[in-house]
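Please read all numbers here as calculations on a predicted model, not as lab measurements. Order of listing sets the numbers, starting from 1, for every ligand and every atom in it.
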Amino acid sequence: MDLGIRGKRALVCASSKGLGRGCAEALAAAGVDLVLNARGAAALEETAAAIHAAHGVQVVTVAADITSDAGRAQVLAAAGAVDILVTNAGGPPPGLWSDWGRDDFIRALDANMLTPIALMTALLPGMMGRGWGRVVNITSQSVKAPIAQLGLSNAARTGLTGYVAGTARQVAPSGVTINNLLPGIHDTDRATSLDGAVVKADGITMDEARARRFATIPARRYGTTAEFGAACAFLCSVHAGFIVGQNILLDGGATNATL
Ligand code: NAP
């Protein structure tokens, strides 16, 4: 399917690895020029070179912390007028409700709620002025069904979801859509680190930790970054203009719910 977005320009945050990289690759395959971001310059440059070599699109890189004011200013200056925004950042650490104080919540809210809101605030006016735009926020399945040890994530991402629910309906008349993609477990460094914590806590092997988790997923596997990227690229396509303010689970059926 031709996604109809060849020649558009996208900012994909936190995209040197994992889900962000999957989104960047799928957009590049559809002919979209990219602004990529991550903190570590080495992996970012490697990803940018691989994507440019594979798809021939323009790729600009900005090595910066997207959750800081200074980092965001750098990224936004390099991005200029973009048609597509994919927001993403690292997730908050796991723990227990009794572990967290105000500073932990402020960090989580900054990274996973206020950063995507600041990016939308900066970029939506341009999209609306041009009469076309796409925003995809990478959130989590924890928005639909809480993951107990990820309380910081549950809280921050649900806040973002509430913001998007209202804002998406305010910008839709200008041809701009905002939607959220909710990953269940995908095969990325983040999954390895979560499984590593289970290995440590329960004294089991990595294979056992993965097998335990596979058993909880009807698809009996983790998702791939390519599958995730393809869903993102479709939401950014010309075909998805009537999809507004939705929360789309990509979790292999793990969230046991009818709706
Ligand atoms: P990942 O494989 O660890 O990749 C994270 C990417 O984000 C890297 O490129 C990393 O590069 C960049 N990054 C992290 N913090 C950043 C920051 N402050 N500023 C700029 N770039 C940053 O993680 P992932 O699995 O793709 O996860 C992406 C998001 O989805 C996370 O919020 C995660 O919690 C959420 N999620 C993931 C899963 C899953 O199964 N993978 C499930 C549910 C939710 P640098 O480290 O160099 O900055």
Side-chain angles (χ1 to χ4, degrees), residues 11-25 34-48 50-51 61-76 78-79 86-94 107-116 118-119 136-147 149-158 160-161 180-198 209-210 213-214 216-217 219 221-229 231-232 247-252 254-255:
L11 166 58
V12 187
C13 303
S15 52
S16 65
K17 298 179 188 168
L19 303 179
R21 178 172 176 160
C23 295
E25 284 177 348
L34 298 172
V35 180
L36 301 185
N37 151 258
R39 291 163 304 180
L44 182 61
E45 292 308 326
E46 207 176 294
T47 295
I51 291 178
T61 56
V62 190
D65 184 342
I66 197 68
T67 68
S68 73
D69 289 344
R72 258 192 320 279
Q74 246 181 294
V75 170
L76 287 168
V86 180
T87 76
N88 186 29
R107 266 192 297 277
L109 292 172
D110 253 341
N112 299 111
M113 177 183 167
L114 298 176
T115 289
L119 291 164
V136 174
N137 300 296
I138 300 179
T139 67
S140 170
Q141 71 177 41
S142 68
V143 166
K144 291 259 187 193
I147 301 171
Q149 70 277 18
L150 292 180
L152 293 172
S153 172
N154 298 339
R157 296 184 197 280
T158 306
L160 174 63
T161 305
N180 303 320
L181 277 180
L182 283 52
I185 195 87
H186 281 69
D187 225 341
T188 69
D189 289 357
R190 166 80 169 169
T192 307
S193 127
L194 291 174
D195 286 339
V198 174
R210 283 170 70 94
R213 211 195 294 257
F214 285 178
T216 68
I217 304 169
R221 64 176 178 86
Y222 292 172
T224 69
T225 56
E227 289 170 315
F228 191 87
C232 175
N247 291 283
I248 298 170
L249 263 177
L250 292 164
D251 71 344
T255 305

Q: Answer yes or no: does an N/O atom from Gly20 fall short of 3.5 Å to an N/O atom of ligand 1?
A: no
Q) What's the shortest distance from atom 5 (C) of ligand 1 to any protein heavy atom, and which residue and atom give it? A) Lys17 O, 4.6 Å
Q: For ligand 1, find out whether one of its N or O atoms is nearer than 3.5 Å to an N or O atom of Ala191.
A: no
Q) Are any non-hydrogen side-chain atoms of Leu44 and Leu36 less than 4.5 angstrom apart? A) yes
Q) Nearest to atom 28 (C) of ligand 1, what protein heavy atom do you find, and at what distance? A) Asn88 OD1, 3.4 Å
(Q) I'd like to know whether ligand 1 has Arg213 as a neighbour, heavy-atom separation below 4.0 Å. (A) no
**Q.** N/O separation below 3.5 Å, Gln141 to ligand 1
**A.** no
**Q.** Residue and atom name of the nearest protein heavy atom (relative to atom 6 (C) of ligand 1), distance in Å to one decimal
**A.** Ala14 O, 3.7 Å
Q. Which of the atoms in ligand 1, numbered in the order shown and given with their element, are less than 4.0 Å from a heavy-atom of Gly91?
A. 31 (C), 32 (O), 34 (O)
Q.
I'd like to know if Arg107 pairs up with Asp110 as an ion pair, taking the criterion as any Lys NZ or Arg NE/NH1/NH2 lying under 4.0 Å from an Asp or Glu carboxylate oxygen.
A. no
**Q.** Geometric N/O contact Thr139 with ligand 1, under 3.5 angstrom
**A.** no
**Q.** Closest protein heavy atom (residue, atom, distance) for atom 41 (N) of ligand 1
**A.** Thr188 OG1, 3.0 Å
Q) Asp65 and Thr67: side-chain donor and acceptor closer than 3.5 Å? A) yes
Q. Nearest protein heavy-atom contact for atom 37 (C) of ligand 1: which residue, which atom, what distance?
A. Leu19 CD1, 3.8 Å
Q.
Taking the basic N atoms (NZ, or NE/NH1/NH2) and the acidic carboxylate oxygens, is any pair closer than 4.0 Å for Asp189 and Lys17?
A. yes
Q. Ala38 to ligand 1: N or O pair under 3.5 Å?
A. no
(Q) Tell me if the aromatic rings of Tyr222 and His186 count as close, with their centers under 6.0 Å from one another. (A) no
